[in-house]
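Reading through the structure tokens given below for one structure.
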Number of protein chains: 2
Amino acid sequence: MSTLGEKIRDLRKKKGFTLDQLAELSKSSKSYVWELENKDPPRPSGEKLALIAAALDVTADYLLGAEAEPGTAEDKAFFRKYQKMDAPQKQQIREMLDIINRTRK
Amino acid sequence: MSTLGEKIRDLRKKKGFTLDQLAELSKSSKSYVWELENKDPPRPSGEKLALIAAALDVTADYLLGAEAEPGTAEDKAFFRKYQKMDAPQKQQIREMLDIINRTRK
DNA sequence: TGTCCACGTTCGGAGTAGCGATACAAAAAA
DNA sequence: TTTTTTGTATCGCTACTCCGAACGTGGACA
């Protein structure tokens with residue numbers, strides 16, 4: 001079980017973000033993002049946590065350790081993004097999924 | 001779209017908790033729980049948020065407004081289909097969604 | 001070798017999260 | 001009625017969030 005700081009760093013590296021980039025995406029300062037990754041224990045506000053989770057495409061619940069698998073968090077984050085799309089784009093995605101399933105079947 | 005305070009109060013009432021009870025369940029003080037429900041705007045830490053979400057049987061993401069209310073049947077059906085796919089196909093779909101969002105932006 | 005420079009690290013400080021104490025009004029229970 | 005439980009509201013305090021602005025440091029070019 002990894003800490004919040006480790007989760008943030010791992011996800012940031014995986015996405016190839018620098019501290020500055022993640023700071024900008026999450027409307028934080030570079031120094032603060034660094035503190036979250038390195039200081040013990042990091043205790044960000046719910047707001048910051050939500051922004052960082054969104055920037056890293058995971059749920060706040062995953063960062064908080066309230067969620068089991070990274071795969072599950074990834075799926076939920078995907079679904080969240082999907083839900084925010086407009087209806088026509090949603091349908092596009094749905095059709096693409098059907099196509100993939102058809103060729104795979 | 002309701003505020004964090006309204007969500008907490010509604011969920012608390014629905015479960016029949018008093019302020020003191022929710023405070024105890026979420027390891028907070030009664031005065032602070034009241035502030036979360038009534039002060040504008042409440043800015044709880046991620047920790048507190050997770051504890052309160054757990055006490056109220058919801059996700060922190062829901063309280064943060066990052067998780068939508070029970071969506072349409074169409075969306076849920078789509079998500080169920082998606083979850084049944086294998087990892088590589090899931091990633092394909094995720095990448096396609098990113099592409100659509102990127103070109104729309 | 002040198003000097004950029006992108007990136008990570010560190011620090012001081014303003015503002016605030018969160019608590020315990022306290023007080024009082026409504027409501028409910030007795 | 002009186003008593004007890006809930007909700008509302010404020011105060012002072014400590015510890016921490018979060019920022020800006022420095023400072024260090026390795027690597028990429030000549």
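Throughout, a chain's letter reflects where its sequence line sits, starting with A, and its residues are numbered from 1.
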* Asked: Out of D:dT17, C:dT9, D:dT8, which has the shortest distance to the side chain of B:R43?
  -> D:dT17

* To do: Answer yes or no: does atom CD of B:E24 have more than 12 heavy-atom neighbours from other residues, nucleotides or ligands under 6.0 Å?
  => no

* To do: Measure the distance from NZ on A:K48 to P on C:dT16 and round it to the nearest whole Å.
  => 14 Å

* When all nucleic acid strands are considered with a 4.0 Å heavy-atom cut-off, which category describes B:S31: base, sugar-phosphate, or nothing? -> base

* **Nucleotide D:dT17, atom P - distance to CG of B:L49 in whole Å** => 15 Å

* Is A:E47 paired with A:K27 through a side-chain N to carboxylate O contact shorter than 4.0 Å? -> no

* Structure fact -> note: A:E47, atom CD; C:dT16, atom C1'; distance rounded to Å ~ 12 Å

* To do: Find the distance A:L51:CG to D:dT17:P and express it as a whole number of Å.
  => 16 Å

* Asked: Taking only side-chain nitrogens and oxygens of B:W34, does any of them come within less than 4.0 Å of OP1 or OP2 of D:dT8?
  -> yes

* For C:dC7, does OP1 or OP2 lie under 4.0 Å from any side-chain N or O of A:R12? -> no

* Structure fact -> Within residues 15-24 of chain A, the residues having a heavy atom closer than 4.0 Å to DNA chain C are A:T18, A:L19

* Name the nucleic acid region contacted by A:K27, choosing base, sugar-phosphate or nothing; use a 4.0 angstrom heavy-atom cut-off, strictly under. => sugar-phosphate

* Asked: Do you know which of B:M85, B:M96, B:K90 makes side-chain contact (heavy atoms from CB on, under 4.5 Å) with A:L97?
  -> B:M85

* Structure fact -> Quick note, B:K30 side chain, CB onward, closest among D:dG7, C:dT9, C:dA17 is D:dG7

* Asked: In whole angstroms, how far is the C1' atom of D:dT17 from the CG atom of A:L4?
  -> 14 Å

* Using whole Å, report how far NZ of B:K39 lies from C1' of C:dC19. => 14 Å

* **Ring-face cation of A:K76 near A:Y62 (centre distance under 6.0 Å, axis angle within 45°)** => no

* Asked: Checking side-chain contact (heavy atoms from CB on, under 4.5 Å) against A:P44, which of A:I8, A:L64, A:L63, A:L49 comes through?
  -> A:L49

* Asked: Within 45 degrees of the axis of the six-membered ring of A:Y32 and under 6.0 Å from its centre: does A:K48 put its NZ or CZ there?
  -> no

* Using 4.0 Å as the upper bound for N to carboxylate O, is an ion pair formed by A:D57 and A:R80? -> no

* Quickly work out the A:E35 CD to C:dG13 C1' distance and round it to whole Å. => 12 Å

* Starting from P on D:dT17, measure out to CD1 on A:I52 and report it in whole angstrom. => 12 Å

